[in-house]
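The structure appears below as structure tokens.
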Number of protein chains: 2
Amino acid sequence: MRKPTIKDVARRARVSLKTVSRVINNEPGVLERTRAKVLRAVAELNYQPDQSARSLRSAKSYALGLVYDNPNPYYVISLQSGVLSVCRETGYGLQIHPCNSTSPRLAEELSALVRNARLAGLVLAPPMSERRELIEHLAADNIAFVRIISAAEDPRDGHPCVFVDDRDAAYDITEHLIQLGHTRIGFLWGGESHRSSPERFKGYEAALKDYAIAPDKKLIVPGDYSFDDGFRGARKLFALKDRPTAIFGSNDEIAAGVLAAAKAAGMDVPWDLSIAGFEDSPFSKQSWPALTTAKQATEEIARHATLLLLATLEHSDDAPHGNKGFSPQLVIRDSTARVRVPPSGN
Amino acid sequence: MRKPTIKDVARRARVSLKTVSRVINNEPGVLERTRAKVLRAVAELNYQPDQSARSLRSAKSYALGLVYDNPNPYYVISLQSGVLSVCRETGYGLQIHPCNSTSPRLAEELSALVRNARLAGLVLAPPMSERRELIEHLAADNIAFVRIISAAEDPRDGHPCVFVDDRDAAYDITEHLIQLGHTRIGFLWGGESHRSSPERFKGYEAALKDYAIAPDKKLIVPGDYSFDDGFRGARKLFALKDRPTAIFGSNDEIAAGVLAAAKAAGMDVPWDLSIAGFEDSPFSKQSWPALTTAKQATEEIARHATLLLLATLEHSDDAPHGNKGFSPQLVIRDSTARVRVPPSGN
DNA sequence: GTATTTGTTGACAACGTTGTCATCAATTTG
DNA sequence: CAAATTGATGACAACGTTGTCAACAAATAC
């Protein structure tokens with residue numbers, strides 16, 4: 001009742017070890033008749049190659065690492081399912097590595113991890129994917145990776161990546177609010193450590209500019225990607241003399257915080273205040289009212305990144321190809337409405 | 001710049017391969033002086049043993065599998081962090097395996113997985129942990145595992161587990177509602193596939209019984225652990241002639257659905273309707289009003305389960321010991337309040 | 001018809017580690 | 001003081017696979 005080995009298969013199919021190995025790895029140069037014989041033996045014995053032996057011998061590996069530092073469970077789970085779906089198709093295993101992006105020895109840690117656990121490559125999610133030194137260190141150590149980053153276009157820096165155009169989507173959201181008649185639109189920043197934060201802000205700024213709305217620094221509040229910062233930020237904005245009629249939170253959690261603050265202040269959303277988020281996490285659908293937001297196809301982004309990583313592994317020689325951009329889509333729900341009292345000016 | 005091997009260490013420390021191996025694995029019978037010499041060489045070369053070679057040779061393994069089938073990201077993430085925290089302390093890797101608990105060939109799949117990826121053992125989360133045949137199959141295949149299950153007490157069935165007393169916690173929630181004066185308390189079931197569902201229902205039933213409140217079948221609605229079922233279930237209850245004054249949703253997502261339905265129906269929670277959930281997921285704090293719920297220490301539960309698994313791996317001969325029970329704690333927030341119109345009867 | 005190429009297969013070593021057993025010195029026993 | 005035991009170390013094989021290269025038959029070229 002011992003686990004069958006390649007030897008058992010070879011004996012059963014009356015061929016050599018190497019021939020079985022060739023069949024398993026889909027190498028060319030095996031007669032169709034022989035291949036069939038081997039495959040039959042494999043099936044009969046329910047043989048499955050041993051990953052340890054395989055990666056020991058071939059110095060190749062059959063597991064990927066997914067590296068992230070993100071407190072948002074919805075995002076992380078989507079990321080994981082995207083990567084996992086490719087892993088399942090290709091037979092790779094997946095090791096997950098939540099980590100602390102501010103750790104100074106992160107690059108060494110990741111290098112050691114990859115070498116030690118024989119990972120074939122890494123999928124780096126933000127903000128790890130945006131640390132220049134980290135990327136260079138990994139590249140210098142000859143470690144395969146792919147990045148998911150926030151950028152308006154392909155950085156063309158020689159390292160493979162999938163880029164998400166947060167700026168463009170933030171522009172759309174701001175434009176949507178403007179078209180509803182809002183001119184005083186509050187902006188709540190996400191964390192400093194994610195590049196998506198300034199990208200989203202740039203989108204907000206650009207839309208205001210295009211519609212000739214003068215930006216007001218008082219409406220722009222720093223903070224992190226958290227519910228609590230959304231709550232606090234909203235209270236700051238409510239305390240202004242000239243309150244905003246709409247608030248754009250840099251992600252859904254912030255927006256949920258704004259929503260809670262609005263309700264706590266007795267406001268009726270969206271009539272007293274329009275609120276928009278970013279991400280399309282499940283609770284944006286489940287809050288009341290449901291949040292207008294930008295839908296990030298995180299799972300598909302992760303899928304594409306993983307496929308790109310595998311492609312890179314196979315042609316490690318040539319330049320990265322297949323970098324791809326994604327743009328989150330505006331999803332209009334019930335938390336945004338036409339401004340009630342149109343501004344007097346203009 | 002090649003990865004150093006045990007050979008390099010041996011050469012540098014001027015000892016044999018085997019002695020280095022002994023030091024690495026903390027085996028006895030090495031002179032302190034020799035050990036120090038080896039450790040120095042290890043440090044100088046920054047040597048790390050190769051897991052593939054290790055597990056190939058020793059048939060031991062340095063990775064665990066985490067098996068779950070749960071759509072709730074918060075739960076899954078907590079589970080993962082609990083297991084990961086132990087993995088980091090002990091040097092194990094972690095492979096995650098979300099799967100479909102209804103797949104008929106699940107047992108075979110998991111067996112194959114463990115043997116193939118050389119996993120040392122599995123942490124089984126509900127509902128996988130509650131499938132009798134699955135457990136027996138794995139045990140028969142000599143696969144190490146630990147279960148996280150919903151039960152009021154240690155099942156003492158010879159297989160290691162950590163048990164969570166959902167019944168007790170559901171009793172507390174129901175009692176809390178009763179003490180607020182509610183007698184018509186709706187109950188929304190979770191999924192049939194999780195044993196926690198009937199356990200929570202039993203707690204609800206028991207509390208009603210202890211307070212001599214006759215159960216009303218119309219107030220009990222089947223469903224799954226989802227927002228949508230909460231929404232639909234609530235609408236059913238609202239349509240009753242004699243509406244409930246409180247609703248207990250089997251988890252926070254259901255409760256969030258109830259909350260949305262209540263708001264859609266123009267109700268003022270908690271004054272028009274008290275709502276309680278179960279789980280203490282982050283959005284129970286972030287909804288408006290914040291949800292009364294029962295706090296599950298999922299991360300700690302997962303931690304303990306993993307430690308138990310590792311203990312089992314080391315003494316695979318003797319009976320499981322260290323099975324442990326957890327009881328979720330009542331968390332009272334703002335979604336439950338004293339009933340407004342006390343019932344006329346009694 | 002011989003020499004060369006092409007295609008298919010197998011023998012063998014190697015990957016980096018640990019288990020088994022042998023070796024040898026130091027210690028204890030009779 | 002010889003014999004037996006203990007303790008520290010090393011030589012070597014083995015884990016299950018794949019890479020290298022050789023062997024051989026069949027097909028093609030001269």
Side-chain angles (χ1 to χ4, degrees), chain A residues 2-39 41-42 45-63 91 93 112 114-120 313-314, chain B residues 2-39 41-42 45-63 91 93 112 114-120:
Chain A
R2 192 181 95 275
K3 180 179 170 180
T5 76
I6 201 172
K7 251 183 187 161
D8 302 315
V9 177
R11 199 161 25 231
R12 180 152 196 137
R14 301 176 171 283
V15 294
S16 72
L17 293 187
K18 184 60 211 190
T19 300
V20 178
S21 172
R22 274 191 268 258
V23 172
I24 308 251
N25 294 287
N26 264 312
E27 288 171 32
V30 181
L31 278 186
E32 204 42 60
R33 222 166 46 80
T34 316
R35 180 180 301 275
K37 222 169 32 174
V38 171
L39 286 177
V42 165
L45 294 173
N46 188 24
Y47 164 77
Q48 293 207 278
D50 183 296
Q51 304 297 8
S52 299
R54 261 183 143 177
S55 55
L56 171 59
R57 176 59 238 225
S58 61
K60 275 179 220 155
S61 167
Y62 300 89
V114 170
R115 295 235 293 272
N116 183 38
R118 282 185 182 275
L119 298 180
L313 286 176
E314 281 168 21
Chain B
R2 186 182 100 277
K3 179 179 170 181
T5 77
I6 201 171
K7 250 182 187 161
D8 302 315
V9 177
R11 198 161 28 235
R12 180 153 196 135
R14 300 177 172 282
V15 294
S16 73
L17 294 187
K18 184 60 209 191
T19 299
V20 178
S21 172
R22 272 190 270 258
V23 172
I24 307 246
N25 294 286
N26 262 312
E27 287 171 33
V30 181
L31 278 185
E32 204 42 60
R33 223 166 46 81
T34 316
R35 180 180 303 274
K37 221 169 31 175
V38 172
L39 286 177
V42 166
L45 294 173
N46 188 23
Y47 165 75
Q48 293 206 278
D50 181 295
Q51 303 297 7
S52 298
R54 236 142 109 97
S55 54
L56 171 58
R57 176 60 238 226
S58 63
K60 275 180 221 154
S61 167
Y62 301 89
V114 169
R115 295 235 292 273
N116 183 39
R118 284 187 183 273
L119 299 180

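Hydrogens, waters and symmetry mates play no part in the numbers below; they use all other heavy atoms, side chains included. What you see is a predicted model, and the numbers here were worked out from it, not measured in a lab. Reminder, nothing fancy here: chain letters follow the sequence lines and each chain counts from 1.
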Atom-pair distance ([atom1] on [X]; [atom2] on [N]), nearest Å:
X	N	atom1	atom2	result
B:I24	C:dT17	CD1	P	7 Å
B:R33	D:dA8	CZ	P	12 Å
A:N25	D:dT20	CG	C1'	15 Å
A:E27	C:dT8	CD	C1'	13 Å
A:K18	D:dT18	NZ	P	7 Å
B:L56	D:dT18	CG	C1'	12 Å
A:Q51	C:dT17	CD	P	19 Å
B:N26	C:dT18	CG	P	12 Å

Taking 4.0 Å as the cut-off, does a side-chain nitrogen or oxygen of [X] come that near to OP1 or OP2 on [N]?
X	N	answer
B:T19	D:dG10	yes
A:S58	D:dT17	no
B:S16	D:dG10	yes
A:S21	D:dT18	yes

Legend entry - Distance, nearest 0.5 Å, that separates NZ of A:K37 from CG of A:L31: 9.5 Å
Legend entry - Interatomic distance, B:T5 atom OG1 to B:Q48 atom CD [nearest 0.5 angstrom]: 13.5 Å
Inset, instruction - Report yes if a donor N or O on one partner sits less than 3.5 Å from an acceptor N or O on the other, where the partners are the side chain of A:K7 and the base of D:dG16; otherwise report no. - result: no
Legend entry - Under-3.5 Å donor-acceptor pair between B:R57 side chain and C:dT18 base: yes
Please determine, for the side chain of [X], which listed nucleotide ([options]) has the closest atom?
X	options	answer
B:R54	C:dT18, D:dG10, D:dT9	C:dT18
A:V15	D:dT17, C:dG10, D:dA8	C:dG10
A:L17	D:dT17, C:dT17, D:dT20	D:dT17
B:I6	C:dT18, D:dT9, C:dG10	C:dT18

Inset, instruction - Taking B:N25 for its side chain and B:E27 for its backbone only, find out whether a donor-acceptor pair lies under 3.5 Å. - result: no
Legend entry - Contact nearer the 5' end of DNA chain D, comparing A:R22 with A:D50: A:D50
Inset, instruction - Using a 4.5 Å cut-off on heavy atoms from C-beta on, say whether the side chain of A:R14 contacts that of A:T19. - result: no
Inset, instruction - State, yes or no, whether a side-chain contact exists between B:R22 and B:T34 at a heavy-atom distance under 4.5 Å. - result: no
Legend entry - Earlier contact from the 5' end, DNA chain C, for A:R35 and B:Q48: A:R35
Inset, instruction - Would you classify A:T34 as touching base, sugar-phosphate or nothing, given that sugar-phosphate means primed atoms plus P, OP1 and OP2, and contacts are heavy atoms under 4.0 Å? - result: sugar-phosphate
Inset, instruction - With heavy atoms under 4.0 Å as the rule, sort B:Y47 into base, sugar-phosphate or nothing. - result: sugar-phosphate
Inset, instruction - Check the pair A:D8 / A:K3 against side chain to side chain contact (heavy atoms under 4.5 Å, CB included), numbers first and verdict last. - result: CA-CA 10 Å; A:D8 302 315; A:K3 180 179 170 180; over 6 Å; no
